[in-house]
Asks: 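Quick one: this structure, given as structure tokens, is what I'll be asking you about.
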Amino acid sequence: MNDETKTVDLAGIGLGPFNLSLAALADGIPDLSAAFFERSPTVSWHAGLTFSDAVLQTSPLKDLVTPVCPTNRWSFLNYLVENGRFYDFMAARFETVSRQEFSDYLAWAADGLSSTHLDAGVEDIDFTGNQFRLRFKDRPDCYSRALAIGTGREPLIPANVVTGPDCFHASQYLHMHPDIAGRRVAVIGGGQSGAEIVLHLLQQDDRMSPDSLSWISRRDGFWTLQEGGLVDQFFTPDYLESYRSMTPELQARALSSQKFASDGLTPSTADAIYRLLYQRRHLRNREDVFLYPGREVVQVQANGRGQTIVSRASNDRREALEADIVILATGYRAAVPGCLRRLAGRLAQEPDGALALGDNYRALWDGPSENPIYGLNHGRRSYGVIDPQLSMAAWRSAVILNDVTGRRAYGLGETERQPMVAWEPRAETLGWEPRMTGS
Ligand SMILES: Cc1cc2nc3c(=O)[nH]c(=O)nc-3n(C[C@H](O)[C@H](O)[C@H](O)COP(=O)(O)OP(=O)(O)OC[C@H]3O[C@@H](n4cnc5c(N)ncnc54)[C@H](O)[C@@H]3O)c2cc1C
């Protein structure tokens with residue numbers, strides 16, 4: 001597309017892994033023109049949390065393309081081969097892949113794809129009646145028949161928390177370079193990001209170590225991820241189909257019961273933390289790490305000497321804690337990006353701020369159906385616990401590409417054979433009646 005104004009079939013906003021998957025699979029469809037725009041000058045995946053020992057929670061085979069088209073050139077395996085490291089990688093016998101390497105894979109795909117445009121933040125989108133017009137700060141407008149919103153989720157800052165250099169969101173951790181040596185540090189949030197930061201702080205040598213470390217979690221314990229082949233059945237197209245057919249009440253129940261299938265601590269991170277805690281307490285006689293589960297932080301306020309953290313326990317008792325540095329590993333929230341503000345009144349939203357999605361990941365809006373707006377990473381409520389995960393990214397891209405081309409650009413074979421798990425009662429069992437046996 002270069003610098004000329006152009007009209008395309010599909011324009012993607014944001015180049016995280018989800019729109020990158022769409023771009024990689026669109027690359028195999030010759031009669032579909034597409035352009036994808038990323039505001040950053042490089043693709044780097046959650047750079048503020050890319051610790052050297054942080055690993056993927058999912059298999060690298062669930063990459064941008066492999067689950068639906070393993071012969072597509074933008075696979076993780078091809079990245080290894082093209083970069084001359086396949087044999088070295090195999091010899092390392094990694095159980096999983098580092099996030100650093102996966103981020104490098106994503107950047108390799110973004111650099112290689114001709115439809116991607118970096119340093120190209122979309123400032124504004126309007127609808128002309130039969131197409132969308134995308135505006136940028138310093139490049140020509142782009143016109144498109146369809147949109148793919150892949151701008152990710154936004155850091156969630158709890159109410160009554162004022163951020164600043166000494167109180168910031170975990171997504172900024174490695175960018176902030178906080179001076180932690182000899183200071184009181186509090187990490188708020190008992191999920192994987194909180195755990196990785198706690199581990200990083202515990203790994204500091206004595207010279208760089210905080211004076212004290214408090215880990216506060218709203219969860220009633222430090223729960224690890226539920227894993228295994230049977231749990232992974234939730235991360236399949238079959239289950240997604242079943243989830244889509246549930247009533248909203250059943251969906252809410254399913255989301256809550258499956259929470260730790262997708263949102264717990266990686267067991268290796270949890271074990272590493274525990275072993276360091278053991279060594280610290282029993283072999284080095286240091287009593288300077290404090291774990292506070294079951295507390296919801298309701299306020300963080302600077303007090304002149306540091307920060308006061310006020311939390312509330314499940315029995316409603318309040319507690320106050322002092323810290324110098326507060327790191328908010330409080331997760332992310334769905335949000336409609338600012339560039340869609342002109343269309344916001346025409347788009348339906350979920351109570352959590354996500355775009356409300358109908359079939360084929362189409363956002364519900366009052367415009368013509370020939371002009372779909374696809375929502376990626378907006379479907380936690382409407383598509384289930386799997387939606388914010390990499391597991392189904394390629395499958396979702398295939399669904400979207402089939403929809404936008406109006407034909408079967410990619411087979412979705414996984415859903416076309418007998419599923420391993422019968423999620424729904426089968427119709428024929430309805431007529432079953434108990435038969436008396438014996439005399
Ligand atoms: C630390 C961390 C680790 C994770 N690890 C895993 C894992 O191991 N396995 C797993 O399944 N899931 C994991 N996840 C969850 C999920 O896979 C990721 O959050 C994933 O990055 C979501 O992809 P995305 O494309 O929706 O958004 P993002 O990766 O957030 O990308 C959105 C992109 O849009 C760009 N953008 C925003 N607005 C504009 C605009 N107006 N114009 C142009 N560009 C714009 C942003 O700059 C950004 O690059 C992890 C999440 C985090 C936070």
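Just so you know, ligand 1 is whichever comes first in the structure, and atom 1 is the first atom listed for that ligand. Nothing here was measured: the structure is a model prediction, and the numbers come from that model.
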Asks: Can you give the donor-acceptor pairs under 3.5 Å from side chains of residues 295-302 to other protein atoms, not counting sequence neighbours?
Replies:
residue: R295; atom: NE; partner: E319; partner atom: OE1; Å: 2.8
residue: R295; atom: NH1; partner: P293; partner atom: O; Å: 2.7
residue: R295; atom: NH2; partner: E319; partner atom: OE2; Å: 3.2

Asks: What side-chain donor-acceptor pairs closer than 3.5 Å can you find for residues 331-341, not counting sequence neighbours?
Replies:
residue: R333; atom: NH2; partner: E154; partner atom: OE1; Å: 3.1
residue: R341; atom: NH1; partner: G338; partner atom: O; Å: 2.6
residue: R341; atom: NH2; partner: E123; partner atom: O; Å: 3.1

Asks: Please table the atom pairs, donor to acceptor, closer than 3.5 Å between any side-chain atom in residues 44-55 and protein atoms at least two apart or in another chain.
Replies:
residue: T50; atom: OG1; partner: W45; partner atom: O; Å: 3.3
residue: T50; atom: OG1; partner: H46; partner atom: O; Å: 2.9
residue: D53; atom: OD2; partner: Q203; partner atom: NE2; Å: 3.4

Asks: With a 6.0 Å cut-off (strictly less than), is the heavy-atom count around CZ of F290, excluding the residue itself, greater than 12?
Replies: yes

Asks: Classify the side-chain pair R85/Y79 by whether it contains a donor and acceptor separated by less than 3.5 Å.
Replies: yes

Asks: State, without any angle test, whether N78 and S75 hold a side-chain donor-acceptor pair at a distance under 3.5 Å.
Replies: no

Asks: Please tabulate, line by line, the atom pairs linking an N/O of ligand 1 to a protein N/O at a distance below 3.5 Å, with the distance in Å to 0.1, or answer 'none'.
Replies:
residue: ligand 1; atom: 8 (O); partner: Q57; partner atom: N; Å: 2.6
residue: ligand 1; atom: 9 (N); partner: T58; partner atom: OG1; Å: 2.9
residue: ligand 1; atom: 11 (O); partner: Q389; partner atom: OE1; Å: 3.3
residue: ligand 1; atom: 11 (O); partner: L390; partner atom: N; Å: 2.7
residue: ligand 1; atom: 17 (O); partner: P388; partner atom: O; Å: 3.4
residue: ligand 1; atom: 19 (O); partner: H46; partner atom: NE2; Å: 3.0
residue: ligand 1; atom: 21 (O); partner: W45; partner atom: NE1; Å: 2.7
residue: ligand 1; atom: 21 (O); partner: H46; partner atom: NE2; Å: 3.0
residue: ligand 1; atom: 25 (O); partner: P17; partner atom: N; Å: 3.4
residue: ligand 1; atom: 25 (O); partner: F18; partner atom: N; Å: 3.1
residue: ligand 1; atom: 26 (O); partner: N377; partner atom: ND2; Å: 2.9
residue: ligand 1; atom: 38 (N); partner: R39; partner atom: NH1; Å: 3.4
residue: ligand 1; atom: 41 (N); partner: V122; partner atom: O; Å: 3.1
residue: ligand 1; atom: 42 (N); partner: V122; partner atom: N; Å: 3.0
residue: ligand 1; atom: 44 (N); partner: R39; partner atom: N; Å: 3.1
residue: ligand 1; atom: 47 (O); partner: E38; partner atom: OE2; Å: 2.7
residue: ligand 1; atom: 47 (O); partner: R39; partner atom: NE; Å: 3.2
residue: ligand 1; atom: 49 (O); partner: E38; partner atom: OE1; Å: 2.7
residue: ligand 1; atom: 49 (O); partner: E38; partner atom: OE2; Å: 3.1

